Amino acid sequence: MDTSNMTEGQRRMWDQLVTILLYGLEKGLWDMLGEASFAVTNTVGREMLRVMQEAGLQLDQEDPGELVAEIGRRFVADMAIAESFDIEKENSTVALRVHKCLLMDVEKKLLDQGIKPFMCPFLNIAMAALRERTGGATTITQFDVNPETHRCLLRFQLLD
Amino acid sequence: MTLQGSLQEVDLPHIVDLARGMGDAVAVVLDTPQGLWTLYVEDGRVVHAEGPHGERGEDAVATALVRREGTFHLEPGRLPATRTIQRPWNAVLLDALRRLDEAGAPSQPESYEEEPMTKPKKMRERIADALEDLLNESSDIIGAAVVGVDGLIYSANFPRRDTDDNLVAAVAAAVYGLSQRSMKQTQRGTFVQTLIQGSDGYMLVRSITPQVLFVGLLPAEVNLGMAFAEARTITARLAEILQGLR
């Protein structure tokens with residue numbers, strides 16, 4: 001959806017719609033599946049990754065940190081989903097910090113309901129790309145969402 | 001539930017592995033003749049450790065590693081007052097072992113002197129071996145996998161090469177999630193297993209631990225009683241492997 005030609009009012013309504021849709025989807029999935037919702041979003045992430053690759057995303061980076069950085073760059077620079085991000089790679093761990101994500105309202109609503117967010121384009125697509133690269137041996141060990149500071153921290157662990 | 005055991009039987013890396021799979025926050029307490037050590041695990045990461053002589057952080061991990069006498073227990077839900085460890089557990093463990101090695105520590109566990117970083121892989125290999133044994137010995141289970149409820153694949157051994165392991169893991173986790181919710185809504189207790197029947201066979205999803213599932217594929221002409229018995233046996237063996245007891 002190209003939102004660049006929208007008026008501010010239209011853009012606000014569009015953001016509200018996305019928030020309602022995502023919140024409803026996540027809350028409903030959580031109510032049905034509980035913690036297994038994370039596993040379901042792995043398959044969602046794979047499809048999102050495929051769509052992005054069809055749209056020109058190239059992930060030929062050898063280094064997992066650079067691979068996640070490329071995904072972050074696409075979301076921040078091209079899609080303006082968040083204001084900024086940074087990557088920290090240490091041994092078998094890649095940490096991605098996202099600042100001022102547009103989806104923070106959704107995450108906050110979920111946290112208010114006692115649900116840990118699990119649908120996040122950064123999380124789902126980076127996880128799909130890393131699992132594709134490592135033959136499935138990647139897991140998320142930390143996903144902290146802080147609505148007060150508008151920051152999220154995602155930490156991926158490569159197991160092999 | 002509080003898990004406990006003897007430090008003579010289970011060493012610290014195995015205990016921490018167990019704690020990392022238990023949930024959001026778990027404290028690992030070592031009760032030894034030299035005093036109490038406590039390691040705090042949050043979301044699978046060791047975030048703080050303290051020893052009886054004022055050691056904190058990675059120093060406390062290093063001194064805890066050589067404890068071979070006493071007992072341990074895990075306390076789910078116990079949170080640390082502070083956080084002194086930022087690095088991944090494998091890096092902390094490797095450095096601690098290196099320091100002990102340089103200091104000539106006498107009672108360091110041999111398996112970690114040799115290959116401290118291969119622990120996760122070794123566990124996966126043991127799981128793969130267990131599945132291989134199962135499939136070799138059983139005619140009632142013809143394909144099997146061990147997957148996390150988050151969709152992580154520990155090991156998979158399916159008869160068809162074109163089976164998408166990742167998708168099977170996601171489906172199994174979803175089956176587990178739905179089944180668990182169903183049990184709760186209908187007051188049927190905790191989840192044990194789900195059997196799905198198709199025209200060409202069955203899919204069995206059985207809980208190994210609260211975080212890890214066994215997936216079995218059964219042929220259409222199966223003795224379900226035998227298959228259930230074999231599933232019980234293999235999940236018990238896999239639970240021991242996951243808990244570092246085998």
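Just so we're clear, the structure is a prediction, and the values are computed from it rather than from any experiment.
The distance from atom CG of A/Leu159 to atom CZ of B/Arg124, rounded to the nearest 0.5 Å, is 5.0 Å. Atoms CD and OG1, on B/Glu42 and A/Thr141 in that order, are 12.0 Å from each other to the nearest 0.5 Å.
Comparing B/Ala172, B/Ala173, B/Ala156 by heavy-atom pairs within less than 4.5 Å of chain A, the highest count is held by B/Ala173. Between chain B and the residues A/Arg131, A/Gln142, A/Gln157, the largest count of heavy-atom pairs under 4.5 Å involves A/Arg131. The candidate with the highest count of non-hydrogen atom pairs below 4.5 Å against chain A, out of B/Ala169, B/Gly148, B/Ser179, B/Gly151, is B/Gly151. Ranked by heavy-atom pairs under 4.5 Å with chain A, the list B/Asn166, B/Ile153, B/Leu178, B/Val175 is led by B/Leu178.
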Evaluation steps, side-chain contact (heavy atoms from CB on, under 4.5 Å), between B/Gln180 and A/Glu35: CA-CA 10 Å; B/Gln180 196 186 40; A/Glu35 210 175 330; over 6 Å; no
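By the neighbour-count criterion of 12 heavy atoms within 6.0 Å, atom CE of A/Met48 is densely surrounded, having more than that number from other residues, nucleotides or ligands. For A/Met13, the CE atom counts as loosely surrounded, since its 6.0 Å shell holds 12 or fewer non-hydrogen atoms of other residues, nucleotides or ligands. Summarising the local packing, CG of B/Asp200 is surrounded by 12 or fewer heavy atoms from other residues, nucleotides or ligands at distances under 6.0 Å. When the shell of 6.0 Å around NZ of A/Lys89 is examined, it contains more than 12 heavy atoms from other residues, nucleotides or ligands.
When side chains are defined from C-beta on, A/Arg46 counts as touching B/Asp164, because their heavy atoms get closer than 4.5 Å. Using a 4.5 Å heavy-atom cutoff, the side chains of A/Leu33 and B/Arg181 are not in contact.
Only the side chain of A/Thr43 comes within contact range of chain B, with heavy atoms under 4.5 Å apart. Neither the backbone nor the side chain of A/Thr41 comes within contact range of chain B; no heavy atoms are under 4.5 Å apart. Interface remark: B/Gln185 contributes no atoms to any contact with chain A (heavy atom separation under 4.5 Å).
A salt bridge links B/Asp43 to A/Lys116: at least one charged side-chain nitrogen sits closer than 4.0 Å to a carboxylate oxygen.
With sequence neighbours left out, the ring-ring contact (aromatic ring centres under 6.0 Å, His included) criterion links B/Tyr154 to no other residue.
A donor and an acceptor atom, one from each side chain of A/Thr139 and B/Asp150, are located under 3.5 Å apart.
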